[in-house]
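What you see is a predicted model, and the numbers here were worked out from it, not measured in a lab. The first residue of the sequence shown is numbered 1, and numbering continues consecutively from there.
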Amino acid sequence: MTERKKGWARLIAASQHSWQGIQAAFKHEQAFRLEIYFALPMSVFAIIMDRAGTEKALLLGSLLIVLICELLNTEVEVVVKRIGNEYHE
């Protein structure tokens, strides 16, 4: 049995796996790509706006939540597709 990674090695390995997942979502999921394309200019706009730091953080956080929700939605779709192929209305 292989020894489990601990500490920084585990964090780095987890980060690499997460990045690979984001790359796969960008490559295979059109909705995720569209949300990234919209989020990038909106992020720049949120940063350059003359607002308080808290408001900027809330704007950027809401964009991040949208991307996270899309990844969760994609995950659910993949799981459902693995279980069965029949179409439900």
Within the supplied structure, the quantity of interest is the number of heavy atoms (other residues, nucleotides, ligands) at a distance under 6.0 Å from [X] [atom1]; does it exceed 12?
X: Phe38; atom1: CZ; answer: no
X: Arg51; atom1: CZ; answer: no
X: Gln30; atom1: CD; answer: no

Who clusters with [X]? Use side-chain heavy atoms, under 4.5 angstrom, across I, L, V, M, F, W and Y, and order the result by chain and number.
X: Met49; answer: Phe45, Leu59
X: Val79; answer: Ile83
X: Val66; answer: none

Problem set entry | Residues Ile22, Phe32; criterion side chain to side chain contact (heavy atoms under 4.5 Å, CB included); working and verdict | CA-CA 9 Å; Ile22 291 171; Phe32 186 71; 4.3 Å; yes

Just how far is it from atom [atom1] of [X] to atom [atom2] of [Y], taken to the nearest 0.5 Å?
X: His28; Y: Gln23; atom1: NE2; atom2: CD; answer: 10.5 Å
X: Lys5; Y: Leu11; atom1: NZ; atom2: CG; answer: 11.5 Å
X: Cys69; Y: Glu35; atom1: SG; atom2: CD; answer: 9.0 Å
X: Leu64; Y: Leu60; atom1: CG; atom2: CG; answer: 9.0 Å

Exercise. With no hydrogens and no angle check, is any side-chain donor or acceptor of Lys56 less than 3.5 Å from a backbone partner on Ala46?
Worked result: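 No.
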
For this session: Determine the sole option in Thr74, Ile68, Leu67, Leu72 for which the side-chain contact (heavy atoms from CB on, under 4.5 Å) test with Glu70 is passed.
Result: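 Testing each of Thr74, Ile68, Leu67, Leu72 against Glu70, the sole residue satisfying side-chain contact (heavy atoms from CB on, under 4.5 Å) is Thr74.
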
Exercise. Leu63 and Ala39: which non-hydrogen atoms are nearest, and at how many Å?
Worked result: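 Closest pair (atom of Leu63, atom of Ala39, distance): CD1-O, 3.9 Å.
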
Exercise. Linking I/L/V/M/F/W/Y whenever their side-chain heavy atoms sit closer than 4.5 Å, directly or via other members, would Phe26 and Leu71 fall into one cluster?
Worked result: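 Yes; Leu71 is reachable from Phe26 via cluster members.
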
